[in-house]
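Everything below concerns the one structure shown next.
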Amino acid sequence: MEAVAEGLWDLAEKQEESGNIGAAIKCLEAICQSQVSFLPIIEVKTRLRIATLLLSYTDNVTHAKIHLERAQLLLKQIPSCFELKCRAYSLLSQCYHLVGTIPPQKQTLKKGLELASSAGEGESAKLWSCNFSLQLANALTTEGDFQGAIRALETGQQHASEMKYPELEMVFATSILHVHLMQWEDASALERAVNKCDAIWNSIPEDQRQCCRGLHLYNELLHTFYLLRICDYKEATNHVNILDAALEDDVQQTEQVQKLSAELNKVESRLLQPGLQQHKKSELSEKRKQIQQELHKFEHPKLGHNGQVSEPSSFGNPKSIWKEKLELGPPPLNGEWLPKSAVYVLVDLMAVICGRPKGLFKDCAKRMLSGMSRIEVQRSWGSLESVGM
């Protein structure tokens, strides 16, 4: 039966890569609904994959939650499976967050932190501790417990520092700055948080910074908020210019991915044509391989401090990940502060705020129209959720 499960997993992955999310979920649910019993660990992995798909592509949080709760019951029968147990806690926490039930979310995260703590001092345990600490800080911030949120973030930052993982440390440094900006009680603590972000970012090698698009934009936006709050419009404008350059680069690379994706689809369609001669088939297969290699360059795999590639945030199509996500951190964090479209709108708004005191009303009007047009595009798609509204 294990071979049957692996076959359905592969089929589900192909369906997801083709954008057929419903079909992918049906392939996986066939395992859970089978009258023939699979091994508990196979059912657990399947239910976690279903929940991941539901949370990534749909609004069906309740369905995802049911699969995760069933997976947790099965995991109680299995003595080990640390990674699977942590993943279940993390996904279940996301479900509670999405429906706004903070107390059970905090309870789930505390169980996750206890599990990570009991696993020892290994890198995997510390990474999952970082995941749970970041989510816990988010939950505490929602409740208005800013000091508790900062303590949770400082714990995560300490783990990242111990692993000598500056990109991960930067995730927590920017999050601490964000909480201070929301609270704005201690000006000196806020200034220290800004300087800490600068110090950590500057410690990251240039080539690794290129892999941190979401983190770079988040850091620059937070700096812009801070500078606008203290009325340093000149320096704030410099950061807006940096944001504009980063988004322009993002647009260019997204267009490259779209072009390569279209080319790959054409090649794959030709490979499916009947009666294709062997030498032509070999040529097309080689071309497909080359295009796939080009596409994988845009995945920007996160490297740990030991240089090993971390596991991907989700199985599936790197093209869709590049298009939709501006991830803040490496696996297993994989969070994003705002959807990409919301970041574009927010940068337009920052440009307006910076330009208005200088009397640059024509430029401000252009940026306002740019932001409004982006919102209208999202509205035409049926929802403003993708711009965080």
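Scope of the values below: all heavy atoms of this structure, side chains included, with no hydrogens, waters or symmetry mates.
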Test side-chain contact (heavy atoms from CB on, under 4.5 Å) applied to Cys86 and Phe82, step by step
CA-CA 6 Å; Cys86 286; Phe82 170 75; 3.4 Å; yes

Go through the steps for Leu349 and Val345 under the test side-chain contact (heavy atoms from CB on, under 4.5 Å), then give the verdict.
CA-CA 6 Å; Leu349 181 59; Val345 173; 5.7 Å; no

How far apart are the C-alpha atoms of Leu247 and Val251, what are their side-chain angles, what is the distance that settles it, and do they pass the side-chain contact (heavy atoms from CB on, under 4.5 Å) test?
CA-CA 6 Å; Leu247 291 180; Val251 168; 5.6 Å; no

Trace of the side-chain contact (heavy atoms from CB on, under 4.5 Å) decision for Trp128 with Glu83:
CA-CA 9 Å; Trp128 279 111; Glu83 291 285 337; 2.8 Å; yes

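Using modelled atom types, one side-chain atom of Thr155 and one backbone atom of Arg151 make a donor-acceptor pair closer than 3.5 Å. In terms of modelled atom types and a separation under 3.5 Å, the side chain of His223 and the main chain of Asn219 share a donor-acceptor contact. Judged by distance alone, the side chain of Ser261 and the main-chain N or O of Val257 form a donor-acceptor pair under 3.5 Å. With hydrogens and angles ignored, the 3.5 Å screen pairs no side-chain donor or acceptor of Ser56 with any backbone N or O of Leu53. The closest donor-acceptor contact from the side chain of Asn20 to the backbone of Ala23 lies at 3.5 Å or more, if one exists at all. Remark: the backbone N or O of Leu113 is not paired with any side-chain donor or acceptor of Ser117 at under 3.5 angstrom. Here the side chain of Ser118 pairs a donor or acceptor atom with the backbone of Leu115 at under 3.5 angstrom. Using modelled atom types, no side-chain atom of Asp145 and backbone atom of Thr141 make a donor-acceptor pair closer than 3.5 Å. A donor-acceptor pair under 3.5 Å links the side-chain atoms of Ser269 to the main chain of Asn265, judged by distance alone. In terms of modelled atom types and a separation under 3.5 Å, the side chain of Ser161 and the main chain of Gln157 share no donor-acceptor contact.
Closest approach of Ala125 to Ala119, counting heavy atoms only: CB-CB, 3.9 Å. Here the closest heavy-atom approach between residue Tyr165 and residue Leu127 is recorded as CE1-CD2, 4.1 Å. Minimum interatomic distance between Ile42 and Ala5 (heavy atoms only, all atoms of both residues): CG2-CB, 3.6 Å. Taking all atoms of both residues into account, the shortest heavy-atom contact from Ala24 to Ala12 is CB-O, 3.3 Å.
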Considering only distance and modelled atom types, tabulate donor-acceptor pairs under 3.5 Å from the side chains of residues 271-282, sequence neighbours left out.
residue	atom	partner	partner atom	Å
Gln277	OE1	His279	ND1	3.3
Ser282	OG	Gln278	O	3.0

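Ring orientation note: the planes of Tyr226 and Trp184 are tilted relative to one another, at an angle of 30° to 60°.
With respect to Asp244 and Arg367, a salt bridge is recorded, a charged nitrogen being found less than 4.0 Å from a carboxylate O. Taking a cutoff of 4.0 Å between a charged side-chain nitrogen and a carboxylate oxygen, Arg70 and Glu43 qualify as a salt bridge. A salt bridge between Lys259 and Glu255 is absent, with no side-chain N of the basic residue lying under 4.0 Å from a carboxylate O of the acidic one.
For residues 189-212, every residue pair satisfying the salt bridge (Lys or Arg N to Asp or Glu O under 4.0 Å) rule, not counting sequence neighbours, is listed here: Glu206-Arg209.
To the nearest 0.5 Å, atoms CZ (Arg47) and CG (Leu54) are separated by 11.5 Å. With rounding to the nearest 0.5 Å, the separation of CD in Gln33 from OG1 in Thr46 is 11.5 Å. For the atom pair CD of Gln94 and NZ of Lys65, the computed distance is 14.5 Å after rounding to the nearest 0.5 Å. Taking OH from Tyr96 and CG from Leu109, the interatomic distance works out to 10.5 Å, rounded to the nearest 0.5 Å.
At a cut-off of 3.5 Å, with distance as the only test, a side-chain donor of Asp186 or Ser188 sits close to an acceptor on the other residue. Of the N and O atoms on the side chains of Gln158 and Glu154, not one donor lies less than 3.5 Å from an acceptor on the other residue. The closest side-chain donor-acceptor pair between Gln253 and Asp249 falls under 3.5 angstrom. No hydrogens or angles considered: a donor-acceptor pair under 3.5 Å links the side chains of Asp348 and Ser370. Judged by distance alone, the side chains of Tyr89 and Asn131 never bring a donor and an acceptor atom under 3.5 Å apart. Between the side chains of Lys358 and Thr237, at least one donor-acceptor pair of N or O atoms lies under 3.5 Å. Side-chain contact check for Ser129 and His159: at least one donor-acceptor pair (N or O, by modelled atom type) lies under 3.5 Å.
Ring pair Tyr218/His178: centre-to-centre distance below 6.0 Å.
Within a 6.0 Å radius of NZ in Lys45, other residues, nucleotides and ligands contribute 12 heavy atoms or fewer.
Linking ILVMFWY residues whenever their side-chain heavy atoms come closer than 4.5 Å, directly or via other members, places Leu48 and Ile78 in the same cluster. Criterion: ILVMFWY side-chain heavy atoms under 4.5 Å apart, direct or through other members. Under it, Leu177 and Ile242 are not part of a common hydrophobic cluster.
Every residue was checked against the salt bridge (Lys or Arg N to Asp or Glu O under 4.0 Å) condition with Glu114, not counting sequence neighbours, and none meets it.
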